[in-house]
Amino acid sequence: MSSLSLSLLDLGIIAPGQNGAEVLAQTFRMAKLADQLGYERLWLAEHHEAHFSWAAPEMMLAALAQATQRIGLGSAAVLLPLYSPLAVAENYRGLSALSGGRVVLGVCGGVPADPVALAALTGTDEPPGIITKQFADKLAALLRYLDGDFPEGHRFAHAATPCFAERPPLWIMGSGFGTAELAAKSAASYAYSLFHRASTQDAAITSAYKRQYGEYQGSADKAKIAIALSCVCADTDDIAQAQKQQVESWIGATMRVNISGTPASCRDQILAIQERYDAENIIIYHMWHLEERKRAAIVALAELFQLQTEW
């Protein structure tokens, strides 16, 4: 079984009765707490619906890089079919420079479910299926701009601006065999989601990624797997179960709760998931809309896993 590090995921959801500005403030407080506790990275999602506190993770990552000292930061994930690969490469090379190399670039092939937002972002009336088919080609272009993979003398032979910046590590985020193979072919790390309803929660997908990474790259030594899971962690099983039921009544059509229970129970469930998927990192999405409950869960798991707090 691989050694394990823990990361956090924040979607910035404005739950019923919450204030959007306060949700933003909570994200900054959570980032500072995770920074102090030894979490490896804080991932921020990209969504364009009205019940989210931000749409562009780049804006948040730049601000959080200035508000934290050690913790890694990442996008989970840039909806690459919507954007120019050059613009994405420039944004994230710039974030790498601003953060001292702490920002990683996570991309996916998804697009907004909201057809109005999708049309506004793309400037076309093309259906989602047509737009998402651009993912593989845009990913290949993104890699060229990140790496400067152009003939000598080409404008981008030294990579996208800022050329002096460290190239941000690339993660591909998905929930199926197709994205796992793209990650392997691209020499990218792979984050496999368990909490999206589309996920089959199939360990064969992460196994295929490592095998294909070795086939494409000649060795699987640099293949990295993270598992993204949702968690309701509370002092008692009864409190956790009540929150799980409430959360699933809100988001049950699109997401699921993967683990729930007391901190000790959640720790054991995380370790079992790590072993099943042979993962190096677990990305935890705490499904608490109450800040004090979320904070308590973050602290409790950090203590149980004895995260490294010195740097």
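The shown structure was predicted, so the numbers you read here are calculated from the model rather than taken from an experiment. Numbers here simply count residues along the sequence, with the first being 1.
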Take Leu86 and Leu142 through the side chain to side chain contact (heavy atoms under 4.5 Å, CB included) test and state the conclusion after the steps. CA-CA 6 Å; Leu86 172 59; Leu142 173 64; over 6 Å; no

Below 4.5 Å, heavy atoms only, C-beta onward: do Ser7 and Ile284 meet side chain to side chain? no

Indicate whether any N or O donor in one side chain lies under 3.5 Å from an N or O acceptor in the other, for His196 and Ser193. yes

Mark yes or no for whether Asp237, through its side chain, and Gly261, through its backbone, hold a donor-acceptor pair below 3.5 Å. no

Measure the shortest side-chain to side-chain distance between Ser199 and Arg256 over non-hydrogen atoms and say whether it is less than 4.5 angstrom. yes

Closest non-hydrogen contact found for Leu301 with Arg267 is CD2-N, 4.2 Å

Going from OG on Ser75 to CG on Leu80, what distance comes out if it is rounded to the nearest 0.5 angstrom? 10.0 Å

Are Glu126 and Thr122 close enough that a side-chain donor and a side-chain acceptor fall under 3.5 Å? no

Near Lys224 NZ, under 6.0 Å, is it more than 12 heavy atoms from other residues, nucleotides or ligands? no

How about Pro112 and Leu118: do any of their side-chain heavy atoms sit closer than 4.5 Å? yes

What one should report as the nearest heavy-atom pair of Cys231 and Cys266 is SG-SG, 3.9 Å

May I ask you to test the Leu182-Phe135 pair for a side-chain heavy-atom distance under 4.5 Å? yes

Quick check on the 6.0 Å ring-centre criterion: do His47 and Trp54 meet it? no

Would you say Val88 ends up clustered with Val104 if hydrophobic residues are merged whenever their side chains have heavy atoms under 4.5 Å apart, either directly or through other cluster members? no

Before accepting this row, confirm whether a basic side-chain N of the pair Lys185/Glu181 lies closer than 4.0 Å to the acidic partner's carboxylate O. no

Is the shortest distance from a Lys or Arg side-chain nitrogen in Arg29 or Glu291 to a carboxylate oxygen in the other one below 4.0 Å? yes

Would Leu33 end up clustered with Ile282 when hydrophobic side chains under 4.5 Å apart are linked, directly or stepwise? yes

Taking everything shown except Lys138 itself, do over 12 heavy atoms lie less than 6.0 Å from its NZ? yes

Measure the shortest side-chain to side-chain distance between Leu146 and Arg93 over non-hydrogen atoms and say whether it is less than 4.5 angstrom. yes

For residues Gly20 and Ile14, report the shortest heavy-atom separation together with the two atoms involved. CA-CD1, 3.6 Å

Using the side-chain hydrogen bond (donor to acceptor under 3.5 Å, both in side chains) rule, pick out the option among Glu280, Glu40, Gln308 that qualifies with Ser5. Glu40

Given 3.5 Å as the limit, does a donor-acceptor pair link the side chain of Gln18 with the main chain of Ala15, or not? yes

To the nearest 0.5 angstrom, please state how far the CG atom of Leu8 sits from the CE atom of Met30. 5.5 Å

How long is the gap from CD on Gln243 to CD on Gln245, to the nearest 0.5 Å? 10.5 Å

Using the ring-ring contact (aromatic ring centres under 6.0 Å, His included) rule, pick out the option among Tyr277, Tyr190, Tyr216 that qualifies with Tyr209. Tyr190

Check for a donor-acceptor pair, side chain of Asn19 on one end and backbone N or O of Ala21 on the other, with a separation under 3.5 Å. yes

Could you measure the distance from the CD1 atom of Ile283 to the CZ atom of Arg41? Nearest 0.5 Å is fine. 8.5 Å

Taking atom CD as the centre, does Glu292 end up with more than 12 heavy-atom neighbours from other residues, nucleotides or ligands that are less than 6.0 angstrom away? yes

Rounded at 0.5 Å granularity, tell me how far OH in Tyr213 sits from CG in Asp221. 9.0 Å

Evaluate the side-chain proximity of His154 to Pro151: yes if any heavy-atom separation is below 4.5 Å, no if none is. yes

Would you indicate whether the side-chain heavy atoms of Leu271 and Leu4 approach each other to under 4.5 Å? yes

Rounded to the nearest 0.5 Å, what's the gap from CG on Leu229 to NE2 on His286? Could you check? 9.0 Å

Can you see which heavy atom on Trp288 is nearest to which on Ala234, and at what distance? CZ2-CB, 3.9 Å

Give the intermediate values and the outcome of side chain to side chain contact (heavy atoms under 4.5 Å, CB included) for residues Asp10 and Trp43. CA-CA 6 Å; Asp10 194 356; Trp43 296 91; over 6 Å; no

Cluster question for you: counting only ILVMFWY and a side-chain heavy-atom cut-off of under 4.5 Å, with indirect links fine, are Tyr83 and Met173 together? no

Between the main-chain N or O of Gly129 and the side-chain N or O of Thr132, is there a donor-acceptor pair closer than 3.5 Å? yes

Side chain to side chain contact (heavy atoms under 4.5 Å, CB included) for Val257 and Met287? Distances and angles first, verdict last. CA-CA 8 Å; Val257 176; Met287 286 189 159; 3.6 Å; yes

Tell me whether Leu73 is reachable from Phe28 by hopping between hydrophobic residues (I, L, V, M, F, W, Y) whose side-chain heavy atoms are closer than 4.5 Å. yes

Any non-hydrogen side-chain atom of Phe52 less than 4.5 Å from a side-chain atom of Leu11? yes

Output all residues satisfying ring pair (Phe, Tyr, Trp, His ring centres under 6.0 Å) with Tyr145, sequence neighbours left out; order by chain, then residue number. Phe150, Phe156

Should Leu44 and Leu64 be marked as a side chain to side chain contact (heavy atoms under 4.5 Å, CB included) after you check the CA-CA gap, both sets of side-chain angles, and the distance that decides it? CA-CA 10 Å; Leu44 299 183; Leu64 288 169; 3.5 Å; yes

Met255 with Tyr192, same ILVMFWY side-chain cluster at under 4.5 Å: no

Looking at Glu46 and Leu79, would you say the former's side chain and the latter's main chain have a donor-acceptor pair under 3.5 Å? yes

I need the single residue from Asn281, Thr206, Asp278, Ile270 that forms a side chain to side chain contact (heavy atoms under 4.5 Å, CB included) with Ile227. Which is it? Thr206

Decide whether Glu58 and Tyr92 meet the rule of one side-chain donor and one side-chain acceptor closer than 3.5 Å. yes

Nearest atoms (heavy-atom pairs only) where Val111 meets Pro81: CG1-CB, 4.1 Å

Compare every heavy atom of Ile71 with every heavy atom of Ala34, then report the nearest pair and how far apart it is. CB-CD1, 3.6 Å

May I ask you to decide if Glu49's main-chain N or O and Asp114's side chain share a donor-acceptor pair within less than 3.5 Å? no

Side chains of Thr68 and Arg102: any donor to acceptor distance under 3.5 Å? yes

Quick one: does any side-chain atom of Ser260 pair with a main-chain N or O of Lys244 as donor and acceptor, under 3.5 Å? no

